[in-house]
Amino acid sequence: MITIKELCGGYGDKEILHQVSLNLEPGKVTALIGPNGCGKSTLLKTLVGINSFTAGEILVNNRNIKEMKTAELAKSVAYLPQNKKTPDISVLRLVLHGRFAYLNYPRKYSAEDIRIAKAALRWAGLEDLAEENVGHLSGGMQQKVYIAMALAQNADMILLDEPAAFLDVAQQLKLLDMTKQLAGEGKGVVLVLHDLSQALRTADMVVLMQDGRAVSVGTPEQIYESGRLQEVFGVQIERVQTESGWHYVCNAVD
């Protein structure tokens, strides 16, 4: 559980986030949506201590993150940024990076670390690719490797900044289904997404941000019915009931 209370912060003297209050819960997929520059990525970076904050509180499992060491926080919250350099290493070696917070001097992986990393690979369906070079994989497969790395971190909460960016539609859907599976297994997953249709289809809870504030929080149905999506994005949102639930369609306003 991540509890955010009246959070203000940004970059240096520039305040991006203004009095943001949220509860991000385990067992749920939460989508952060909003126009470019509204503070979504800044919020994720602040939650894991990359960005400082000037006011408010961030509690992880009821502990203030200012009182937690970096390794302690990493054991509770895993974070995958949008832009990642692809290292020239094997899939298994990259997934083992998720165990870094657990290593003691002299920084050698234990048999338990290797077991956990291999279990994460199996979960992601990547076991046969353990010795493949990450750089030789497709974008979709690379994203699955990074999610396996986050899973190996054994954190209760996983924060993903635009995980579906640069993937084709089929890979996007597979990846988002993986996040739902993670939530079904008790993990809390927080996604920054630009595709409104995917966000509303995937998420259990949606946080609509505008100008550094969380202006609306609720289920996809509640956010849709509030009419705030049209106000914030300037598009017409329609929905269609299907056998798998509501599907949302965005149309330009004439």
Side-chain angles (χ1 to χ4, degrees), residues 1-5 7 9 11 17 20 22-30 32 40-53 56-87 89-124 126 134 142-163 175 178-179 181-183 185-192:
M1 165 77 81
I2 300 177
T3 303
I4 306 163
K5 299 180 179 180
L7 184 68
Y11 301 91
L17 303 173
V20 176
L22 294 171
N23 288 321
L24 303 174
E25 302 178 25
K28 291 184 178 180
V29 175
T30 300
L32 303 183
K40 303 183 296 295
S41 296
T42 302
L43 178 59
L44 293 195
K45 291 177 182 178
T46 306
L47 295 181
V48 293
I50 296 174
N51 287 5
S52 60
F53 55 98
E57 284 186 316
I58 301 172
L59 306 178
V60 174
N61 298 327
N62 295 319
R63 292 189 62 193
N64 193 312
I65 69 166
K66 289 188 174 181
E67 300 171 356
M68 301 174 72
K69 295 180 179 179
T70 301
E72 288 181 291
L73 183 57
K75 291 177 182 179
S76 297
V77 184
Y79 165 65
L80 295 181
Q82 178 181 353
N83 297 315
K84 302 178 287 291
K85 291 184 179 180
T86 304
I89 58 176
S90 72
V91 168
L92 177 58
R93 182 61 58 177
L94 180 57
V95 174
L96 277 167
H97 284 187
R99 300 300 300 162
F100 191 78
Y102 298 87
L103 299 184
N104 297 313
Y105 187 80
R107 299 294 186 186
K108 289 186 177 180
Y109 296 114
S110 68
E112 178 69 359
D113 293 322
I114 294 172
R115 182 192 68 78
I116 291 172
K118 288 184 175 180
L121 284 176
R122 283 195 298 275
W123 182 92
L126 300 170
V134 177
Q142 287 181 9
Q143 287 288 56
K144 290 177 71 175
V145 175
Y146 279 106
I147 288 180
M149 182 182 73
L151 192 59
Q153 201 167 318
N154 268 357
D156 295 328
M157 303 294 297
I158 300 176
L159 315 183
L160 306 174
D161 193 354
E162 279 294 320
L175 190 70
M178 285 181 71
T179 66
Q181 184 180 347
L182 283 170
E185 296 174 5
K187 301 288 185 183
V189 182
V190 183
L191 305 168
V192 169

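Because the structure is a prediction, the values reported are computed rather than measured.
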Verdict with reasoning, W123 to L182, per side-chain contact (heavy atoms from CB on, under 4.5 Å): CA-CA 10 Å; W123 182 92; L182 283 170; 3.5 Å; yes
Pair listing, salt bridge (Lys or Arg N to Asp or Glu O under 4.0 Å) test, anchored in residues 71-82, at least two apart: R63-E72
F100 atom CZ, neighbour heavy-atom count above 12 within 6.0 Å: no
Check: V60 and D156 side chains under 4.5 Å, non-hydrogen atoms: no
Minimum heavy-atom distance E57-N64, with the two atoms named: OE2-ND2, 3.7 Å
M1 side chain near P26 side chain, heavy-atom distance below 4.5 Å: yes
N154: side-chain contact (heavy atoms from CB on, under 4.5 Å) partners, not counting sequence neighbours: R99, Y102, I116
By side-chain contact (heavy atoms from CB on, under 4.5 Å) - contacts of S41 (at least two apart): D161
Closest approach of T46 to S52 (non-hydrogen atoms, all atoms of both residues): CG2-O, 4.3 Å
Check: S76 and N61 side chains under 4.5 Å, non-hydrogen atoms: yes
Spacing of L80 atom CG and Y146 atom OH [to the nearest 0.5 Å]: 8.5 Å
Note, Y11 side chain near T42 side chain (heavy atom, < 4.5 Å): yes
Point-to-point distance, once rounded to the nearest 0.5 Å, from CG of L7 to CD1 of I58: 4.5 Å
Exam field: side chain Q142 to backbone V134, donor-acceptor pair closer than 3.5 Å: yes
Taking every non-hydrogen atom, the tightest pair across I65 and L47: CD1-O, 4.0 Å
Heavy-atom pair of closest approach, residues L17 and L43: CD1-CA, 3.9 Å
Backbone of E162 reached by a side-chain donor or acceptor of Q82 within 3.5 Å: no
Student check: side-chain heavy atoms of Q143 and L160 closer than 4.5 Å: no
Neighbour count >12 (heavy atoms, 6.0 Å) for atom NZ, K5: no
4.5 Å side-chain heavy-atom contact, Y79 and Q153: no
Taking every non-hydrogen atom, the tightest pair across A120 and A148: CB-O, 3.4 Å
Value rounded to 0.5 Å, distance of CD1 in I147 from CE in M178: 4.5 Å
Pi-cation contact, F53 with K66 (under 6.0 Å, within 45°): yes
Over all atoms of both residues, closest heavy-atom pair of L191 and T179: CD2-CG2, 3.9 Å
Distance, nearest 0.5 Å, that separates CG of L151 from CD1 of I158: 6.0 Å
Distance, nearest 0.5 Å, that separates CD1 of I89 from OG1 of T86: 10.0 Å
E25 (side chain) donor-acceptor with G188 (main chain) under 3.5 angstrom: no
